[in-house]
Amino acid sequence: MSDPYKILGVSPSATDEELKTAYRELAKKYHPDNYSGSPIADLAGEKMKEINEAYDAVVADRKRQKSQGGATYTGSTSDSGYGTGYAGYGYGSTNSSFSDVRNLIMTGRIADAEQILNGVPVDGRNAEWYFLKGTVLYKRGWLEEAYNSFSRACQMDPGNAEYRAAMNQVTNQRNGAYGGYNPNIPRTNGCSSCDVCSSLLCADCCCECMGGDLIPCC
Amino acid sequence: MFGYVRPQKSELLVREYEQYKGIYCTLCRQLGTSYGIASRLTLSYDCTFYAMLLFSLNPQCPGFQSGRCVVNPFKKCTYCNAGEKELIAAAALSVMMTYQKIRDDIDDSHFLGKLRGYVLLPLAAHARKKAARDFPQMDRAVSALMIQQRKAEQSENPGIDLCAEPTAKMLEQVFAMAVGVQPDEESANARVLRQIGYYLGRWVYLMDAADDMEKDIKTKSFNPFVIQYHLTAVSTQEELGNARERANQVLNLTLSQLTAAFNILDFQHFSPILENVIHKGLPEMQKEILFKKEKTNVRSL
């Protein structure tokens with residue numbers, strides 16, 4: 001195993017707090033949510049595992065150091081906050097009419113899955129068909145048509161949580177939650193209502209120090 | 001490419017900015033030595049990014065030294081003193097894409113544009129021939145782009161995804177060559193690089209299309225957004241604004257995939273600059289081009 005500090009991007013002299021922050025940053029970066037439905041989800045999973053192992057090793061090592069004063073990287077028990085076993089949207093739901101397609105998608109045979117889907121006649125295309133078609137298109141990078149397919153699936157079966165989850169993810173990505181630009185959210189820190197109140201209170205305190213009063217009731 | 005892939009200068013450290021400039025200037029010099037003086041004019045931020053990405057995957061770190069700018073002898077420039085291989089690859093890409101762009105312009109534009117194209121074409125053709133000899137695989141990928149693009153534009157229902165596919169596929173192949181792999185290799189780095197190339201190409205194509213929306217409505221040129229959002233010469237400002245917002249969402253979705261792929265890659269150096277480009281430079285470009293009130297030309301770095 002290579003140097004766990006290097007994997008986490010901190011120096012060995014970093015404090016526990018810094019270590020935790022660095023770990024959280026990385027875990028956020030490789031979180032399965034960012035990769036669900038992506039053909040490189042497995043690589044992100046490996047990264048996540050690496051980070052978890054490195055963090056566990058360092059934490060265990062520091063614990064031991066505190067009690068004994070020795071320093072070696074061995075043994076690790078997983079107590080980190082994020083899991084790694086994630087395979088996209090919950091594939092393999094029961095009573096699926098397209099279980100063969102789902103299997104193909106799971107094993108990464110996207111072209112075969114698409115071929116079967118395209119062979120389904122138009123009147124046999126139900127909500128699940130549109131969902132799976134969207135999943136296939138998403139993996140191929142045809143993001144707009146994937147989005148349209150997901151929204152069609154949601155329209156046809158509004159109660160289905162699986163379709164809804166896929167739709168929500170794409171909608172968030174479109175709104176810039178995973179990188180990009182959203183014209184409706186100001187990037188600079190604005191002045192929230194909380195800031196207004198606390199500023200007024202401060203001003204009141206200052207006035208009272210000088211013998212005056214800004215807000216008579218407090 | 002079109003100069004959309006660049007860092008956000010205000011977020012770079014001075015040291016990082018100098019390094020970026022250094023690669024930029026060295027690429028310019030390399031263009032001159034490899035493909036002739038005229039090919040220096042093809043220098044772009046996009047190819048600088050490509051050169052930088054190639055450098056960052058190589059364990060050997062390039063050093064910098066100072067020298068004089070050839071174009072402006074009174075200016076001092078920093079030059080890289082290593083990494084010829086990476087620079088030549090980026091220079092070749094620059095030359096090939098410019099050549100294809102000129103040919104595309106000749107096909108698309110009217111009298112004056114055609115004339116300009118025919119004047120520039122022999123210069124570009126000479127440089128491109130040389131570049132194609134050095135990188136035959138890259139030339140095949142870039143040449144295929146234009147043919148596929150035409151096919152996509154003339155198809156029955158030119159959707160956004162279909163139109164963006166050729167540029168995306170082209171960069172997918174060009175980026176996969178970065179690690180010297182065959183286009184179909186399945187190593188982890190090759191898979192990630194292909195994804196990065198695909199979504200970067202898609203982003204660049206869509207950004208260009210979004211940028212040209214108004215111009216293309218006027219000149220009745222092909223534009224996937226204009227077709228998809230049913231824009232015409234009589235569309236109101238509000239309809240245009242809506243179209244821009246929707247185009248921005250398409251770009252965001254593309255960028256989310258690009259960021260995800262980019263984060264997996266391990267860089268040996270220049271990672272803060274590359275991260276700046278992907279995480280800040282590209283969103284900034286969307287903001288500049290789609291949401292600035294008065295439209296000015298984006299300033300050079």
Side-chain angles (χ1 to χ4, degrees), chain A residues 2 6-7 9 25-51 108 134 136-151 167 169-188, chain B residues 159-165 168-169 172 186-189 191-199 201-203 206 224-225 228 241 244-266 271 275 278-280 282-292:
Chain A
S2 55
K6 206 173 162 196
I7 292 172
E25 276 296 308
L26 286 171
K28 212 170 110 191
K29 202 160 142 186
Y30 300 116
H31 194 276
D33 279 358
N34 299 344
Y35 294 92
S36 64
S38 162
I40 49 170
D42 56 322
L43 299 174
E46 277 169 30
K47 276 269 180 197
M48 194 71 160
K49 204 169 140 221
E50 200 180 89
I51 295 161
V136 167
L137 286 166
Y138 189 86
K139 275 192 200 293
R140 265 182 41 199
W142 284 47
L143 304 174
E144 281 315 292
E145 291 184 16
Y147 172 69
N148 293 338
S149 293
F150 285 147
S151 63
M167 183 67 192
Q169 191 204 1
V170 178
T171 310
N172 286 337
Q173 285 171 337
R174 287 174 73 91
N175 290 333
Y178 295 86
Y181 173 71
N182 188 333
N184 303 318
I185 300 173
R187 274 169 137 194
T188 45
Chain B
I160 290 170
D161 294 325
L162 185 74
C163 293
E165 179 95 343
K169 282 274 172 208
E172 176 183 298
E186 281 304 308
S187 77
N189 255 2
R191 280 174 61 198
V192 175
L193 275 169
R194 275 211 299 277
Q195 286 272 307
I196 294 177
Y198 184 91
Y199 288 111
R202 187 183 150 95
W203 187 89
L206 294 173
F225 287 123
Q228 207 67 26
R244 255 186 239 122
E245 205 141 312
R246 286 173 73 181
N248 184 52
Q249 292 184 349
V250 179
L251 287 165
N252 278 346
L253 184 51
T254 310
L255 203 49
S256 74
Q257 300 297 302
L258 174 59
T259 311
F262 177 82
N263 283 344
I264 292 186
L265 213 56
D266 287 319
S271 74
E275 270 164 23
I278 301 292
H279 296 163
K280 303 202 179 98
L282 302 185
E284 181 70 15
M285 195 48 85
Q286 283 173 224
K287 180 183 155 193
E288 287 280 322
I289 286 182
L290 295 172
F291 299 104
K292 268 281 149 70

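So you know, we letter chains A, B, ... as the sequences are listed, proteins then strands, and number each from 1. Computed from a prediction, not measured in an experiment: that's the story for all the values here.
No hydrogens or angles considered: nothing links the side chains of A:Tyr147 and B:Gln249 as a donor-acceptor pair under 3.5 Å.
Highest contact tally toward chain A, considering only B:Leu282, B:Asp266, B:Thr259, is held by B:Asp266 [criterion: heavy-atom pairs under 4.5 Å]. Interface summary for chain A: among B:Leu255, B:Ile264, B:Val192, the most heavy-atom pairs under 4.5 angstrom belong to B:Ile264.
A distance of 7.0 Å separates OH in B:Tyr198 from CZ in A:Arg140, rounded to the nearest 0.5 Å. Atom OH of A:Tyr181 sits about 9.5 Å away from atom CD of B:Glu288, to the nearest 0.5 Å.
Of the possible donor and acceptor atoms, none in the side chain of A:Arg174 sits under 3.5 Å from a partner among the backbone N and O of B:Leu251. Remark: the backbone N or O of B:Asn263 is paired with a side-chain donor or acceptor of A:Tyr30 at under 3.5 angstrom. No donor-acceptor distance shorter than 3.5 angstrom exists from the side chain of A:Asn34 to the backbone of B:Ala260, with no hydrogens or angles considered.
Side-chain contact between A:Leu43 and B:Gln195 is absent, with no heavy atoms from C-beta onward closer than 4.5 Å. Side-chain contact between A:Asn175 and B:Asn252 is absent, with no heavy atoms from C-beta onward closer than 4.5 Å. A heavy-atom distance below 4.5 Å is found between the side chains of A:Trp142 and B:Leu162. Residues B:Val250 and A:Glu144 are in side-chain contact: their nearest non-hydrogen atoms beyond the backbone lie under 4.5 Å apart. The side-chain heavy atoms of B:Lys287 and A:Pro183, taken from C-beta on, include no pair separated by under 4.5 Å. The shortest distance between side-chain heavy atoms of B:Arg194 and A:Ile40 does not fall below 4.5 Å. A heavy-atom distance below 4.5 Å is not found between the side chains of B:Gln257 and A:Tyr178.
In plain terms, the two heavy atoms of B:Leu253 and A:Leu143 that are nearest each other are CD2-CB, 3.6 Å. Summarising the geometry of A:Gly180 relative to B:Pro283, their closest heavy-atom pair is O-CB, 3.5 Å, with the distance given to 0.1 Å.
For chain A, the nearby part of B:Glu245 is the side chain; its heavy atoms alone come within less than 4.5 Å. Residue A:Asn172 does not touch chain B at all, counting heavy-atom pairs closer than 4.5 Å.
Residues satisfying the ring pair (Phe, Tyr, Trp, His ring centres under 6.0 Å) criterion with B:Phe225, sequence neighbours excluded, are B:Tyr229.
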